[in-house]
Amino acid sequence: MSNKDKNITFYSENSALLFSQYQSISFEKVHESWIQVIDFQKCKTALDIGAGSGRDALALKYEKLCVTAIEPSDDLRALGQVFTGDDVTWLNDTLPHLNKIKGKTFDIILISAVWMHLSLQEQSQSLQTISSLLSDNGYLIITLRHGEFSDARTAFEMDVNRTINEAKQQGLSLILSNHEGDKLSRDNVSWHTLCFKA
């Protein structure tokens with residue numbers, strides 16, 4: 001079983017616990033750093049990749065956006081669908097290719113707590129895919145997790161500068177770089193948020 005499949009299996013087998021964990025903290029608190037730099041009034045569509053419980057997807061819907069949520073874990077996706085109802089379109093797909101939404105474009109693409117599960121090659125491929133899905137003047141938000149997992153999930157080391165440089169090669173301009181502690185108060189975990197504009 002590949003690392004990707006192992007991680008998806010973990011999220012499915014622990015979906016109820018993870019759903020509760022994600023829901024225990026608000027969208028506004030988790031994402032307060034980048035919310036300030038987005039002009040939501042000029043945005044119509046959003047893509048939430050690795051949407052988990054649907055917390056972020058529903059919050060984006062409340063911003064009057066048409067939201068598509070990508071979640072490869074069947075069990076977690078099922079819980080998210082119940083939570084968001086018909087307000088969000090859910091798809092089973094994965095980075096780096098996102099085959100089910102090829103040809104579409106989005107004004108906001110959010111990739112929260114996903115990047116650490118991608119190898120360097122997958123990160124490069126994902127940025128190519130994402131840049132093709134981002135509308136003109138669209139926003140890309142990526143959160144990078146620093147710190148190992150203490151469970152069955154696997155993660156790769158995060159290189160902030162590499163991510164910034166590769167995004168630049170795809171024509172994306174960095175408008176926010178923010179490092180902060182973990183909102184769930186885990187001592188060995190921190191996060192780096194990058195926000196780009198097409």
Side-chain angles (χ1 to χ4, degrees), residues 7-41 43-95 98 100-101 106-118 126 130 133 138-147 149 151 153 155 158 176 178-186 189-196:
N7 286 327
I8 293 172
T9 297
F10 178 90
Y11 283 102
S12 286
E13 291 177 345
N14 297 277
S15 57
L17 177 63
L18 292 168
F19 181 89
S20 296
Q21 183 187 86
Y22 299 154
Q23 296 298 101
S24 71
I25 184 168
S26 71
F27 168 82
E28 289 78 13
K29 186 172 182 181
V30 172
H31 298 297
E32 59 186 341
S33 65
W34 64 264
I35 291 174
Q36 316 300 324
V37 301
I38 300 289
D39 188 350
F40 284 104
Q41 292 186 338
C43 299
K44 295 181 179 179
T45 56
L47 177 66
D48 184 5
I49 302 174
S53 69
R55 175 200 65 203
D56 298 349
L58 190 60
L60 291 169
K61 179 65 180 181
Y62 288 155
E63 294 288 345
K64 300 180 180 178
L65 301 170
C66 180
V67 182
T68 300
I70 302 289
E71 178 50 58
S73 161
D74 292 339
D75 297 79
L76 200 49
R77 188 174 64 256
L79 292 173
Q81 285 176 301
V82 171
F83 175 67
T84 63
D86 296 331
D87 289 332
V88 172
T89 299
W90 287 80
L91 296 172
N92 176 11
D93 211 342
T94 58
L95 287 170
L98 297 177
K100 294 185 179 177
I101 53 172
F106 301 88
D107 299 320
I108 297 174
I109 298 179
L110 173 62
I111 309 174
S112 179
V114 171
W115 212 245
M116 69 281 187
H117 292 314
L118 303 174
S126 295
I130 293 159
L133 295 171
Y139 299 93
L140 167 64
I141 303 99
I142 307 176
T143 67
L144 289 74
R145 183 187 196 271
H146 300 285
F149 286 100
D151 48 43
R153 285 173 286 186
M158 294 290 93
L176 173 75
N178 181 68
H179 186 260
E180 59 189 344
D182 183 56
K183 296 297 174 68
L184 290 170
S185 301
R186 291 169 292 193
V189 177
S190 65
W191 296 87
H192 204 115
T193 299
L194 300 175
C195 184
F196 302 93

Peer 1: Go through the steps to decide whether V189 and L184 satisfy the test side-chain contact (heavy atoms from CB on, under 4.5 Å), and finish with yes or no.
Peer 2: CA-CA 9 Å; V189 177; L184 290 170; over 6 Å; no

Peer 1: Under 3.5 Å, is there a donor-acceptor pair between the side chain of K100 and the main chain of L91?
Peer 2: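 A pair under 3.5 Å: no.
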
Peer 1: Kindly give the heavy-atom pair with the smallest separation between L65 and A46, and that separation in Å.
Peer 2: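 Where L65 meets A46 most closely, the heavy atoms are CD1-CB, 3.9 Å.
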
Peer 1: Determine the minimum heavy-atom distance between V88 and K61, stating which atoms define it.
Peer 2: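 Looking at all heavy atoms of both residues, the shortest contact is CG2-CB, 4.5 Å.
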
Peer 1: So, does T84 use its side chain to make a donor-acceptor pair with the main chain of D87 at under 3.5 Å?
Peer 2: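 No; judged by distance alone, with no hydrogens or angles, the pair does not exist.
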
Peer 1: Testing the basics here: between S53 and Y22, what is the closest heavy-atom pair and its distance to 0.1 Å?
Peer 2: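 Minimum heavy-atom separation between S53 and Y22: OG-CB, 3.5 Å.
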
Peer 1: So how far is it from S112 OG to D48 CG, rounded to the nearest 0.5 Å?
Peer 2: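 That separation rounds to 7.5 Å.
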
Peer 1: Please name the pair of heavy atoms, one in L47 and one in L133, separated by the smallest distance, quoted to 0.1 Å.
Peer 2: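 Heavy atoms only, the tightest pair is CD2-CD1, 4.3 Å.
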
Peer 1: CD/E71 to OG1/T94 distance, rounded to the nearest 0.5 angstrom?
Peer 2: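 These two atoms lie 10.5 Å from each other.
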
Peer 1: How long is the straight-line distance from OG1 of T89 back to CD1 of I101, given to the nearest 0.5 Å?
Peer 2: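 The CD1 atom of I101 sits 11.5 Å away from the OG1 atom of T89.
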
Peer 1: So do V30 and D56 actually touch side chain to side chain, heavy atoms under 4.5 Å?
Peer 2: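 Contact flag for D56/V30 side chains = no.
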
Peer 1: Return the OG to CZ distance between S15 and F10, rounded to the nearest 0.5 Å.
Peer 2: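 Reported value, rounded in 0.5 Å steps: 10.5 Å.
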
Peer 1: Using the rule given for side-chain contact (heavy atoms from CB on, under 4.5 Å), can you reason through I111 versus I130, listing the C-alpha separation, both sets of side-chain angles and the distance that settles it, and then say yes or no?
Peer 2: CA-CA 10 Å; I111 309 174; I130 293 159; 3.1 Å; yes

Peer 1: Are side-chain heavy atoms of H31 and L110 found at a separation under 4.5 Å?
Peer 2: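 The answer is yes, as the side chains (C-beta and beyond) meet within the 4.5 Å cut-off.
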
Peer 1: Using the side-chain contact (heavy atoms from CB on, under 4.5 Å) definition, which of the options L98, L95, I49 pairs with S126?
Peer 2: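 Output: one option passes, namely L95.
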
Peer 1: Just so I know, are the side chains of L58 and F27 near enough to count as touching, which here means a heavy-atom distance under 4.5 Å?
Peer 2: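 No, their side chains stay 4.5 Å or more apart.
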
Peer 1: Please check if the side chain of S12 supplies one atom and the backbone of T9 the other of a donor-acceptor pair under 3.5 Å.
Peer 2: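 Between the backbone of T9 and the side chain of S12 there is no qualifying donor-acceptor contact (under 3.5 Å).
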
Peer 1: Regarding T143 and T193, is there a side-chain donor-to-acceptor distance under 3.5 Å anywhere?
Peer 2: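 The criterion, which ignores hydrogens and geometry beyond distance, is not satisfied for T193 and T143.
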
Peer 1: Side chain of Q36, backbone of E32: donor and acceptor closer than 3.5 Å?
Peer 2: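 Indeed, once roles are kept as given, a pair shorter than 3.5 Å links the two residues.
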
Peer 1: How about H117 and Y11: are their ring centroids closer than 6.0 Å?
Peer 2: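 That pair passes the under 6.0 Å test.
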
Peer 1: Identify the heavy atoms of L60 and F40 that sit nearest to each other, and give their distance.
Peer 2: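 Closest approach of L60 to F40: CD2-CE2, 4.1 Å.
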
Peer 1: How close do C195 and V37 get, heavy atom to heavy atom, and via which atoms?
Peer 2: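 Of all heavy-atom pairs spanning C195 and V37, the closest is SG-CG2, 3.9 Å.
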
Peer 1: Considering residues, nucleotides and ligands other than Q41, do more than 12 of their heavy atoms fall under 6.0 Å from its CD?
Peer 2: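 It does not: Q41 CD has 12 such atoms or fewer within range.
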
Peer 1: For D107, does its backbone N or O pair with a side-chain atom of T45 as donor and acceptor, under 3.5 Å?
Peer 2: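 Checked: pair present.
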
Peer 1: At what distance, to the nearest 0.5 angstrom, does OG of S73 lie from CG of N14?
Peer 2: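 Nearest 0.5 Å value for the OG-CG distance: 9.5 Å.
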
Peer 1: Atom CH2 in W191, atom CG in L144: separation rounded to 0.5 Å?
Peer 2: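 That separation rounds to 9.0 Å.
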
Peer 1: Classify the angle between the aromatic ring planes of H146 and H179 as parallel (below 30°), tilted (30 to 60°) or perpendicular (above 60°).
Peer 2: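 Plane angle between 30° and 60°, so tilted.
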
